[in-house]
Number of protein chains: 2
Amino acid sequence: MSTRDALVEATADLLWERGYSATSPAMILARSGAGQGSMYHHFRGKADLARAAMQHAADEMTTGLETADDPSLPALERVRAFLGSLRDPLRGCRIGRLVQDAEVVDDDDLRGVADQYLHGLEQWVTDVLDAGRAAGELRPDADTAAAAAMVVAVVQGGFVLARARQDAAPQQAAVRGALAALDALAV
Amino acid sequence: MSTRDALVEATADLLWERGYSATSPAMILARSGAGQGSMYHHFRGKADLARAAMQHAADEMTTGLETADDPSLPALERVRAFLGSLRDPLRGCRIGRLVQDAEVVDDDDLRGVADQYLHGLEQWVTDVLDAGRAAGELRPDADTAAAAAMVVAVVQGGFVLARARQDAAPQQAAVRGALAALDALAV
DNA sequence: GTCTATAACGGGATAGAC
DNA sequence: GTCTATCCCGTTATAGAC
C-alpha cells in the first residue's frame with residue numbers, strides 16, 4: 001500500500017473513532033507509520049487529508065450497500081436488509097458522526113462529502129420504495145420520500161441514542177419502530 | 001445574574017454552537033464576561049462546567065416539554081405537538097449533538113447527562129403512547145416502546161440530515177414520515 | 001470572589017536536508 | 001518522497017495579588 005493510501009486509511013479510522021477536531025496530524029502519522037513530510041507532500045493539510053478520508057469511507061459504504069442489495073427482492077425486504085446490516089452502533093456512522101463537528105460543518109468541502117453520502121442513501125431508499133410501489137407492493141398513496149427520510153433519520157438518530165447509552169438496544173428499538181412503519185405501507 | 005450562572009449560560013450556548021471539544025475556556029470567559037479566576041473558583045475545570053451547562057440545558061428542555069404538553073389531548077396530538085416544536089434544525093439538539101464528541105462519550109459524567117435526557121424523552125413518548133393505547137386511541141397490539149424510540153431517533157437523525165444539508169427540509173421530511181407511521185398505529 | 005500573569009503542553013504547519 | 005528539527009499559537013490550568 002502506498003504511503004498516501006496508508007495516510008487516507010489511518011485518517012478514515014481515526015475520524016470514525018475520534019471525529020475530526022479530536023484527531024491530530026500526530027495521531028495520523030503514528031498510526032500510518034508515515035512521517036510529517038509525507039503528509040504535507042501528499043496533502044495540503046489536515047482538512048485536505050480528512051476530505052480524502054471521508055470520501056474514501058463514503059465510497060466504501062456506498063459500494064457495500066450496492067453490493068449487498070438484491071434488486072430482485074421485494075422493496076421492503078431490500079430496506080429491511082439495509083437496516084439489518086448496521087454494524088458498530090456504539091461507534092456511530094462513519095460519516096453522519098462527523099456532521100456534529102463544528103469544524104466539519106464550517107468547511108464546505110468536508111460538509112459536502114457528508115451531505116452527498118447521506119443524500120445518496122436517502123435517494124437509494126426512495127428509489128427502492130418507489131420501485132415497490134410501482135410493483136404494487138406498497139399502497140399507491142405511500143409518501144416514499146418521507147418514509148425514506150424517516151428511515152435514514154432513524155439510522156442516524158439510532159447511532160446517537162446508542163452512543164449516549166453505550167448500548168445497541170435503543171438503536172435496535174428505533175429500527176423495529178421504523179420496520180413496523182414500513183410494514184404499514186404495504187398493500 | 002450571578003457570575004456562576006453567567007458562566008453556565010455562556011457555556012450552554014457555546015456547547016450548542018460549537019460542541020464540547022471546540023469550546024475553550026477562553027471563549028466562555030469572553031462571552032460570560034467573567035475572569036479566569038472566577039471560573040476556576042466555581043468549577044473544577046472545563047468538564048465540570050460543561051456538566052453543569054449540559055444539565056442546565058437538559059432541565060430547560062424537559063421543563064419546556066412538560067409545560068407545552070396538554071395531557072387532556074389525544075396521544076397522537078401530544079406527540080405531534082412535540083414533533084412540531086422542534087426549532088433551529090441547523091443548530092442541532094442541544095444535548096444529542098454532544099454525544100458524537102469523543103471527549104463527551106469518554107467522560108461518564110457528561111455522557112450520563114445526555115443519556116438521562118434522551119432516555120427521559122423516550123420514556124415520555126412511550127408513556128404518552130401507552131396512555132393513548134389504554135384510552136383506545138391506538139391499536140392494542142401497537143409496540144409503543146419501538147414507536148417511541150423511532151420518534152426520538154427521527155428527531156436526532158433529522159438534526160444530522162439538516163446539518164449535513166444546511167437546510168431544514170430533510171428533517172421535516174423525516175418528521176412527516178414519522179407522523180405517517182404514528183397515524184398507522186391509530187385504531 | 002475576582003483579577004492578571006504565567007506555566008506546561010499539544011496542535012498545525014513550515015524549513016530544509018537527504 | 002521522506003525525514004527531522006523547529007516555529008508559532010491556542011488550550012487548560014495554576015499562582016498569587018487584590
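Chain identifiers are assigned alphabetically (A, B, ...) following the order of the sequence lines, protein sequences preceding nucleic acid strands; residue numbering begins at 1 within each chain.
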Undergrad: Please state how far atom CZ in Phe43(A) lies from atom P in dT14(C), giving the value in whole angstrom units.
TA: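 After rounding, the reported distance stands at 16 Å.
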Undergrad: Under a 4.0 Å N-O cut-off, is there an ion pair linking Arg111(B) with Asp101(B)?
TA: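 Looking at Arg111(B) and Asp101(B), the cut-off is not met.
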Undergrad: Can you check the His41(A) NE2 to dT14(C) P distance for me, whole Å?
TA: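 Atom NE2 in His41(A) sits about 15 Å away from atom P in dT14(C).
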Undergrad: For residues 53-63 of chain B, which side-chain donor-acceptor pairs fall under 3.5 Å, sequence neighbours excluded?
TA:
unit_1, atom_1, unit_2, atom_2, d
Gln55(B), NE2, Asp59(B), OD1, 3.1
His56(B), NE2, Glu9(B), OE2, 3.4
His56(B), NE2, Glu60(B), OE2, 3.2
Glu60(B), OE1, Arg94(B), NH1, 3.0
Thr62(B), OG1, Ala58(B), O, 2.9
Thr63(B), OG1, Asp59(B), O, 2.8

Undergrad: CG of Leu29(A) versus P of dT4(D): gap in Å, rounded?
TA: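 Whole-Å distance recorded here is 10 Å.
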Undergrad: In chain order, what residues pass the ring pair (Phe, Tyr, Trp, His ring centres under 6.0 Å) check against Trp16(B), with sequence neighbours excluded?
TA: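 Trp16(B): no ring pair (Phe, Tyr, Trp, His ring centres under 6.0 Å) contacts found.
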Undergrad: Using atom types as modelled, flag every donor-acceptor pair under 3.5 Å from a side chain in residues 40-48 of chain A to any protein atom, sequence neighbours excluded.
TA:
unit_1, atom_1, unit_2, atom_2, d
Lys46(A), NZ, Tyr20(A), O, 3.1
Lys46(A), NZ, Thr23(A), O, 2.9
Asp48(A), OD2, Arg44(A), N, 3.0

Undergrad: Kindly compute the distance separating CD (Gln156(A)) from CD1 (Ile95(A)), expressed to the nearest 0.5 Å.
TA: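 Taking CD in Gln156(A) and CD1 in Ile95(A), the distance rounds to 9.5 Å.
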Undergrad: Let's see if you can work this out: which of dC3(D), dG1(D), dT2(C) has an atom nearest to the side-chain heavy atoms of His42(A)?
TA: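 Closest of the options to the side chain of His42(A): dG1(D).
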Undergrad: Not counting sequence neighbours, list each pair that qualifies as a ring-ring contact (aromatic ring centres under 6.0 Å, His included) and has a residue in residues 96-134 of chain B.
TA: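 Residue pairs with at least one partner in residues 96-134 of chain B: Phe82(B)-Trp124(B).
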Undergrad: Does the pair Asp115(B)/Arg165(A) count as a salt bridge with the N-to-O cut at 4.0 Å?
TA: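 Looking at Arg165(A) together with Asp115(B), the answer is yes, because their closest N to O distance falls below 4.0 Å.
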Undergrad: Got a sec? Which of residues 3-12 of chain B come in under 4.0 Å of DNA chain C, heavy atoms?
TA: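 Of all residues in residues 3-12 of chain B, the ones placing a heavy atom under 4.0 Å from DNA chain C are Thr3(B).
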Undergrad: Look for any protein N or O under 3.5 Å of an N or O in nucleotides 8-12 of chain D and output each such pair with its distance, or none.
TA:
unit_1, atom_1, unit_2, atom_2, d
dT12(D), OP1, Lys46(B), NZ, 2.8
dT12(D), OP2, Pro25(B), N, 3.3

Undergrad: Starting at CD1 of Ile28(B) and ending at C1' of dT2(C), how long is that distance when rounded to a whole Å?
TA: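 To the nearest whole Å, that distance equals 17 Å.
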Undergrad: One thing to verify: whether Asp70(B) and Arg78(B) come together as a salt bridge, which I'm taking to mean a side-chain N less than 4.0 angstrom from a carboxylate O.
TA: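 Looking at Asp70(B) together with Arg78(B), the answer is no, because their closest N to O distance does not fall below 4.0 Å.
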